[in-house]
Amino acid sequence: MSPKVERTDAEWREILSDQEYQVLRESGTERAFTGELLDNTREGVYRCRACNAELFRSDTKFDSHCGWPSFFTAENDAVVLSEDASLGMIRTEVRCATCDSHLGHVFPDAPQTPTGDRFCINSVCLTFEDADGTQGA
Ligand SMILES: [Zn+2]
């Protein structure tokens, strides 16, 4: 499946900040406990910072104490999962299905949630839209 939103590297650099580019397009990771959406508990929708696709809903966010925003499920068909063998570990990478940007990883280590999964997502990859339509963090 090819992404619906495709841009050149130069275009991505134009619309993303340096940190956003490094995480979204180069599969980087923001420092734990630094994300502006980590403790956000408001009701609303989390969108891809790169393409604005709807990715997660606030009612699937939970406090995992891992240092990154965590969700137990993603919106239908919003993300694609693939095996990531970097850093000497086998992990499951989470990418945006719409623009193929890196978002984070998913781990099956959340027995307290309905799915048992923890989507561990970089805050810098997300924008938050309040239930009343206000954009921002
Ligand atoms: Zn996207």
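Keep in mind that the numbers below use all heavy atoms, side chains included, and drop hydrogens, waters and symmetry copies.
We find that Glu36 and Arg49 are joined by a salt bridge, their nearest charged nitrogen and carboxylate oxygen being less than 4.0 Å apart. Salt-bridge check for Glu93 with Arg95: passed, with a basic side-chain N closer than 4.0 Å to an acidic carboxylate O.
Residues Val23 and Leu126 do not share a hydrophobic cluster, defined by chaining ILVMFWY side chains whose heavy atoms lie under 4.5 Å apart.
The distance from the CD1 atom of Ile121 to the CG atom of Leu38 is 13.0 Å, given to the nearest 0.5 Å.
With a 4.5 Å cut-off on side-chain heavy atoms, Asp117 and Thr73 do not count as touching.
If you run side chain to side chain contact (heavy atoms under 4.5 Å, CB included) between Thr98 and each of Arg47, Glu54, Lys4, only Lys4 comes through.
The backbone N or O of Asp132 lies less than 3.5 Å from no partner atom in the side chain of Asp130, so there is not a single donor-acceptor pair. A distance-only check finds a donor-acceptor pair linking the side chain of Glu30 to the backbone of Val124 [under 3.5 Å].
Ring geometry for Phe107 versus His105: interplanar angle of 30 to 60°, hence tilted.
Pairing each heavy atom of Ser58 with each of Arg42, the nearest pair is CB-O, 3.3 Å. Looking at every heavy atom in both residues, Ala32 comes nearest to Cys66 through CB-O, 4.3 Å.
Among pairs with a residue in residues 62-87, those fulfilling ring-ring contact (aromatic ring centres under 6.0 Å, His included) read Tyr46-Phe71, Phe56-Phe71, at least two apart in sequence or across chains.
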